[in-house]
Amino acid sequence: VSSIPDNANLESKEVEDNAVGSAGSNAIQVSLEDSPTLAFPSISTSDFQFNHEKAADIIVDKVAEFSNKIGNGRLVLVDLSHKSKILSLVKAKAAERNIDTQKFFTHVGDITHLYSTGGLRCNVIANAANWRLKPGGGGVNAAIFNAAGSELEYATKEKAKSLSPGNAVVVPLSLSSPLFTREGVTHVIHVLGPNMNPQRPNFLNNDYNKGCKILREAYAALFEGFASIVR
Ligand code: AR6
């Protein structure tokens with residue numbers, strides 16, 4: 001069961017109203033006409049060492065399942081490099097399945113600079129978190145906590161103290177967060193994926209039956225969290 005707050009919808013509307021009302025300040029304007037967009041990294045495939053082929057199948061399955069549950073929302077899988085194996089695999093599998101490229105696409109860039117560097121407006125970003133929901137640890141988790149400023153840690157703690165594998169938590173960003181003022185991001189959704197790295201907690205010892213189940217749950221929780229903001 002994911003710990004998605006019931007009031008995520010309300011909070012997102014408040015943020016949006018404030019954003020539009022703050023034209024003239026240094027906040028970027030969040031146009032109500034822009035499609036709500038979730039940018040997400042490939043959960044578990046780097047530090048957590050999850051098999052890329054299996055992860056790519058799961059991503060494409062879950063995207064196909066959710067793309068008509070998010071209205072005009074868009075889903076974007078992001079990675080840092082043009083050489084990203086997971087991006088190529090997912091791109092090829094999504095094309096085979098004829099997934100609508102308006103609703104789902106891949107993007108190369110830093111998830112903390114999607115608008116300022118890539119011109120891509122994403123109002124929600126996902127984080128491949130750790131179970132403690134703590135900053136640091138490298139990867140996308142460190143990048144997002146660094147970019148969001150210290151308030152993200154407090155805002156996260158208000159929503160959840162920890163996360164178990166396969167779950168997600170939606171955290172609204174404060175209007176003073178650089179991720180909001182610079183990038184237009186209103187929410188971060190922390191997701192904890194399955195771990196295949198013996199050096200990390202909740203190690204699954206190569207049990208891909210459990211691992212795939214948990215990764216499916218993780219993407220379902222993530223996309224449900226996004227749907228709860230969009231609705
Ligand atoms: N922008 C976009 N994608 C990124 C960025 C970034 N700034 N940084 C990394 N990626 P990982 P995991 C991609 O290792 O495997 C942390 O220490 C990366 O290339 O961040 O779920 C946490 O604290 C890969 O495709 O997450 C956890 O303990 C994807 O993001 C643990 O790592 C996920 O890589 C989670 O491991």
Side-chain angles (χ1 to χ4, degrees), residues 37-60 62-63 75-91 93-94 105-122 124-149 152-153 156-157 160-169 171 177-179 182-183 185 188-204 206 208 210-212 214-219 221-222:
T37 304
L38 166 71
F40 64 99
S42 168
I43 307 298
S44 292
T45 54
S46 183
D47 192 41
F48 279 178
Q49 300 177 5
F50 199 92
N51 177 279
H52 285 210
E53 275 284 346
K54 293 187 203 309
D57 284 332
I58 290 170
I59 292 170
V60 175
K62 286 292 160 190
V63 163
L75 304 172
V76 185
L77 176 67
V78 177
D79 202 356
L80 287 168
S81 161
H82 283 279
K83 292 182 187 149
S84 164
K85 185 177 156 204
I86 193 77
L87 284 196
S88 325
L89 285 168
V90 167
K91 220 171 159 174
K93 288 175 196 282
F105 52 93
T106 60
H107 179 86
V108 175
D110 182 332
I111 204 162
T112 64
H113 286 79
L114 292 173
Y115 181 63
S116 59
T117 305
L120 179 66
R121 283 186 194 276
C122 297
V124 183
I125 62 173
N127 178 28
N130 52 59
W131 74 275
R132 288 192 177 87
L133 293 169
K134 286 279 191 194
V140 75
N141 184 69
I144 290 176
F145 273 99
N146 281 337
L152 178 60
E153 200 180 343
T156 300
K157 282 284 164 273
K161 301 279 174 267
S162 64
L163 210 53
S164 50
N167 287 294
V169 59
V171 180
S177 168
L179 272 186
R182 191 188 66 219
E183 308 295 331
V185 174
V188 172
I189 306 181
H190 298 293
V191 190
L192 183 63
N195 171 36
M196 295 298 179
N197 178 347
Q199 313 294 321
R200 298 285 178 269
N202 300 304
F203 171 48
L204 287 174
N206 227 31
Y208 272 96
K210 267 194 200 152
C212 288
I214 293 171
L215 194 60
R216 286 178 191 283
E217 289 168 358
Y219 280 108
L222 168 61

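Values below: all heavy atoms of this structure, side chains included; hydrogens, waters and symmetry mates excluded. Positions are given from 1, in the same order as the sequence printed here. For ligands, and for the atoms within them, numbers begin at 1 and follow the listed sequence.
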Chain-and-number sorted residues having a heavy-atom contact under 4.0 Å with ligand 1 are P41, S42, I43, S44, T45, S46, D47, F48, V78, D79, L80, G109, D110, I111, A128, A129, N130, G136, G137, G138, G139, V140, N141, A143
Side-chain contact, heavy-atom cut-off 4.5 Å: K93 with D57?
yes
Applying ring pair (Phe, Tyr, Trp, His ring centres under 6.0 Å) to Y208 and not counting sequence neighbours gives F50
Salt bridge (Lys or Arg N to Asp or Glu O under 4.0 Å) pairs touching residues 105-115, sequence neighbours excluded, are none
Name the orientation class of the two ring planes belonging to H190 and F145 (parallel below 30°, tilted from 30 to 60°, perpendicular beyond 60°). parallel
For S84, the side-chain hydrogen bond (donor to acceptor under 3.5 Å, both in side chains) test, sequence neighbours excluded, returns D79
Min side-chain heavy-atom separation L77-F40 under 4.5 Å: yes
